[in-house]
Amino acid sequence: MTGTLVASDLDRTLIYSAAAAPSGGLVVDPDGPGTAGLVAVERHRDRDISFMTRPAAAALAELARAQVVVPVTTRTPEQLARVRLPGPPPRYAVAANGGVLLVDGVPDPAWDRRVAREVAGVAPLAAALAELTDLCRPEWAGQPRVAADLFCYVVVDRPAVPAGAVERLTAWAEAGGWSVSLQGRKVYLVPQPLRKSAAALEVARRVDADVVLAAGDSLLDVDLLAAADRGVHPGHGEIAASGWSAPWVEPLTSTGAAAGEEIVAWFAAHTEGVAPRARTATG
């Protein structure tokens, strides 16, 4: 019997802020998510800040009871700990864009050592932070931050980001072995060896899963989708805007929390009958 691993990005794929959730006829009231048909899945500073539709939450709980479901996120372990997905708590989770592999909530030391060896070959974090800090200006960017001692990011006023700023950062990143991703209001600068796919495939190896299903919305999710046997992405986000595609990856047209609902349904429909595909950590 073929085992299936469900590996999914979280933000703007499975879960949504109140601002990102609306789609079609869905109307979100941040002060009353119950009446808006949403279920809160993350609470921070006494506020509910991330949501799923009620059908998506119910379907994900059922899926997690039947399959190995692994959150795969760019969030730090601390940020991920705030999320309470429906269903049993996942034994495995991937944080920091593949930089941290959590087993029962605890970083796996063997994975930490592997990551340390791999990132030693690129420009150091201090240089990346210096480049990001030098680029940013107070009129359009906040203070750059370091995440999990592995990568850095900054919150920006996206309409005010000057022309050429992201391109300048990308040029530095490519020369130094890093990657740039603009997701919502955040610009991420991440070492290229930090790959969601590598950590997800390591979990698949540990649980003897022959088939990997994956979902994501940003360019940092491309390697995860490329390495999966079947994948899916929503109609919003960097991937949809870029035009990236692969024969085994299905593009959806739905957006917002409605896309999250469709993605969970897609996972449930593909847990059987999918044949393993010849793949590597980069596809």
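For the single chain, residues carry numbers from 1 onward in sequence order. This structure is a prediction, so every number in the text was calculated from the model and none was measured.
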To the nearest 0.5 Å, what is the distance between [atom1] on [X] and [atom2] on [Y]?
X: R230; Y: T271; atom1: CZ; atom2: OG1; value: 12.0 Å
X: L224; Y: S8; atom1: CG; atom2: OG; value: 8.0 Å
X: L213; Y: H270; atom1: CG; atom2: NE2; value: 8.0 Å
X: R54; Y: E261; atom1: CZ; atom2: CD; value: 12.0 Å
X: L125; Y: W178; atom1: CG; atom2: CH2; value: 4.5 Å
X: T74; Y: Q183; atom1: OG1; atom2: CD; value: 5.5 Å

Between [X] (side chain only) and [Y] (backbone N and O only), is there a donor and an acceptor less than 3.5 Å apart?
X: D229; Y: R277; answer: yes
X: W248; Y: L225; answer: yes
X: R158; Y: G184; answer: yes
X: D223; Y: S197; answer: yes
X: E118; Y: L194; answer: no

4.5 Å side-chain heavy-atom contact, [X] and [Y]:
X: V249; Y: W244; value: yes
X: P107; Y: L101; value: no
X: I15; Y: D11; value: yes
X: D9; Y: S218; value: no
X: I239; Y: D217; value: no

Which atom names give the shortest non-hydrogen contact between [X] and [Y], and what distance separates them?
X: V122; Y: G176; answer: CB-O, 3.5 Å
X: A240; Y: P234; answer: CB-O, 3.8 Å
X: A7; Y: F267; answer: O-CZ, 4.1 Å
X: A160; Y: W140; answer: O-CB, 3.7 Å
X: A227; Y: L201; answer: CB-CD1, 4.1 Å
X: A173; Y: Q192; answer: O-NE2, 4.3 Å

What donor-acceptor contacts under 3.5 angstrom involve side-chain atoms of residues 132-139, with partners at least two apart or in another chain?
from : atom 1 : to   : atom 2 : distance (Å)
T133 : OG1    : L129 : O      : 2.7
D134 : OD2    : R168 : NH2    : 2.6
R137 : NH1    : D134 : O      : 2.7
R137 : NH2    : D134 : O      : 3.4

key: Partners meeting ring pair (Phe, Tyr, Trp, His ring centres under 6.0 Å) with W111 (sequence neighbours left out)   = none
Pairs involving residues 191-243, ordered by first then second residue, that meet ring pair (Phe, Tyr, Trp, His ring centres under 6.0 Å) (sequence neighbours left out) = Y16-H236
message = Hydrophobic cluster membership, with links at side-chain heavy-atom distances under 4.5 Å among I/L/V/M/F/W/Y: are L38 and I49 in one?
response = no
query = Between E202 and R205, does at least one N-O distance fall below 4.0 Å, as a salt bridge requires?
reply = yes
Output a table of donor-acceptor pairs, distance under 3.5 Å, between side-chain atoms of residues 143-155 and any protein atom two or more places apart or on a different chain; print 'none' if there are none.
none

Return all side-chain donor-acceptor pairs below 3.5 angstrom for residues 79-94, not counting sequence neighbours, or 'none' if the list is empty.
from : atom 1 : to   : atom 2 : distance (Å)
Q79  : OE1    : T76  : N      : 2.9
Q79  : OE1    : T76  : OG1    : 3.4
R82  : NE     : E42  : OE2    : 2.9
R82  : NH2    : E42  : OE2    : 3.0
R84  : NH1    : A81  : O      : 2.4
R91  : NE     : D104 : OD2    : 3.3

inquiry  = Among R206, R114, R113, which residue satisfies the salt bridge (charged side-chain N to carboxylate O under 4.0 Å, His left out) criterion with D108?
reply    = R206
task = Could you name each residue pair satisfying salt bridge (charged side-chain N to carboxylate O under 4.0 Å, His left out) that touches residues 241-255, not counting sequence neighbours?
result = none
